[in-house]
Amino acid sequence: MMKRRSALFGVFTLMIGFAFGQKKGPTNPEATEIYKPVPPRVIPGQNGAPPSDAIILFDGSNFDQWITTADSTAVKWHLNKDGSMTVGNKTGNIQTKQNFGSMQLHLEWKSPQKVLNKGQQRANSGVFIQKRYEVQVLDNNDNPTYVNGQVGALYKQGIPLAMASSPTGEWNAYDIIFHAPEFSRGGNIVKPATITILHNGVLIQDHFEIEGTIEYIGWPKYEAHGKAPLMLQDHRDNSRVSFRNIWVRELK
Ligand code: MG
């Protein structure tokens with residue numbers, strides 16, 4: 001009688017387990033250990049240097065990787081002795097010669113020490129990923145503006161989770177993980193782009209789903225595109241923002 005009862009109980013617990021989707025698990029640790037494929041070795045950079053597999057876009061020595069966006073001519077920004085570059089006075093946006101899809105991007109920027117103007121006119125620049133999706137660069141210290149256009153905003157779309165700027169005139173770092181949008185053969189959006197940003201190590205965009213191309217006036221919308229350059233903005237108001245140490249790791 002006891003045997004039959006326990007057998008019935010066993011069947012009952014099995015049914016309950018099945019109903020709740022439980023599977024009989026492995027009974028040894030080796031069963032859940034994976035050995036292949038082995039991740040590639042990447043040597044991390046020391047003291048802010050790029051990792052070993054990064055594409056170096058700007059190391060302070062030249063503009064070889066860049067052109068002026070408007071006419072594809074040589075860059076007219078200032079190349080500084082300290083390994084940085086500074087936006088020229090109305091010398092236009094610059095962009096990489098190379099096109100990029102999904103990426104890990106690192107760059108550093110700073111506003112000029114001398115404070116000029118206010119609001120969106122104070123040290124405004126921007127990091128345009130794929131020439132379409134702007135991560136705002138702005139001196140926001142004691143300088144409020146609309147929050148979806150403040151420093152670290154995905155311009156006019158993504159309000160940053162925090163304002164993590166260095167003091168005016170000091171270097172900031174952006175570490176960006178961007179996943180490019182995917183389109184159908186017919187050109188419709190299938191998977192929107194996403195972006196994660198650390199500003200000076202602080203998470204300010206957390207896998208934000210980009211709504212489409214940045215629009216100054218009107219709503220964002222997607223247009224089908226492939227890989228595209230990285231562009232840095234000349235806001236054309238003497239903003240004089242500087243950049244340095246720009247590198248990319250392409251993501252699949
Ligand atoms: Mg801007």
Side-chain angles (χ1 to χ4, degrees), residues 57-58 66-70 75-78 84-96 100 103 105-166 168-176 178 193 195-200 202 204-205 208 210-221 228-246:
L57 294 178
F58 182 72
W66 301 82
I67 52 171
T68 299
T69 297
V75 170
K76 295 166 196 73
W77 291 20
H78 302 281
S84 66
M85 59 163 126
T86 302
V87 182
N89 190 11
K90 297 185 182 172
T91 49
N93 299 340
I94 65 169
Q95 68 184 56
T96 56
F100 297 102
M103 67 172 99
L105 167 66
H106 173 91
L107 62 84
E108 293 160 36
W109 63 269
K110 71 172 179 180
S111 53
Q113 199 88 47
K114 190 175 173 208
V115 170
L116 294 169
N117 308 323
K118 60 178 185 174
Q120 289 285 315
Q121 272 67 49
R122 183 178 296 175
N124 187 329
S125 184
V127 180
F128 281 73
I129 296 174
Q130 298 196 309
K131 279 185 79 173
R132 292 168 172 83
Y133 313 112
E134 184 190 8
V135 179
Q136 179 69 299
V137 167
L138 193 74
D139 180 8
N140 251 139
N141 294 309
D142 302 316
N143 182 37
T145 184
Y146 44 96
V147 293
N148 60 349
Q150 75 170 63
V151 66
L154 215 285
Y155 187 71
K156 291 267 179 103
Q157 292 186 32
I159 301 164
L161 301 171
M163 194 294 213
S165 281
S166 305
T168 297
E170 295 185 18
W171 287 102
N172 290 264
Y174 276 170
D175 284 284
I176 298 173
F178 172 78
I195 193 160
T196 297
I197 307 175
L198 299 174
H199 182 184
N200 295 327
V202 176
I204 60 162
Q205 299 285 352
F208 177 75
I210 298 175
E211 295 155 12
T213 300
I214 297 300
E215 302 290 338
Y216 181 50
I217 300 170
W219 305 114
K221 56 184 179 298
L230 178 71
M231 186 172 81
L232 300 177
Q233 185 183 34
D234 170 9
H235 201 254
R236 307 192 77 81
D237 50 13
N238 207 14
S239 273
R240 303 296 174 122
V241 174
S242 300
F243 292 90
R244 73 177 182 188
N245 195 18
I246 307 176

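Counting starts at 1 for both ligands and their atoms, in listed order. Everything numeric in this text was worked out from a predicted model, so none of it was measured.
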Student: Is the Mg ion (ligand 1) less than 2.8 Å from an N/O/S atom of N124, whether that atom is in the backbone or a side chain?
Tutor: yes
Student: Give a yes/no verdict on a cation-pi contact between K110 and F243, requiring under 6.0 Å between NZ or CZ and the six-membered ring centre and an angle within 45° of the axis.
Tutor: no
Student: Rounded to 10 degrees, what angle sits at the Mg ion (ligand 1) between Q233 OE1 and S125 O?
Tutor: 80°
Student: Is it the case that R244 places NZ or CZ above or below the six-membered ring of W171, under 6.0 angstrom from the centre and within 45 degrees of the axis?
Tutor: yes
Student: Any chance the rings of Y174 and H199 have centres within less than 6.0 Å?
Tutor: yes
Student: For the Mg ion (ligand 1), find the closest N/O/S atom belonging to E134 and write down its atom name.
Tutor: OE2
Student: Go through the steps to decide whether S166 and N200 satisfy the test side chain to side chain donor-acceptor pair (under 3.5 Å), and finish with yes or no.
Tutor: CA-CA 8 Å; S166 305; N200 295 327; 3.2 Å; yes
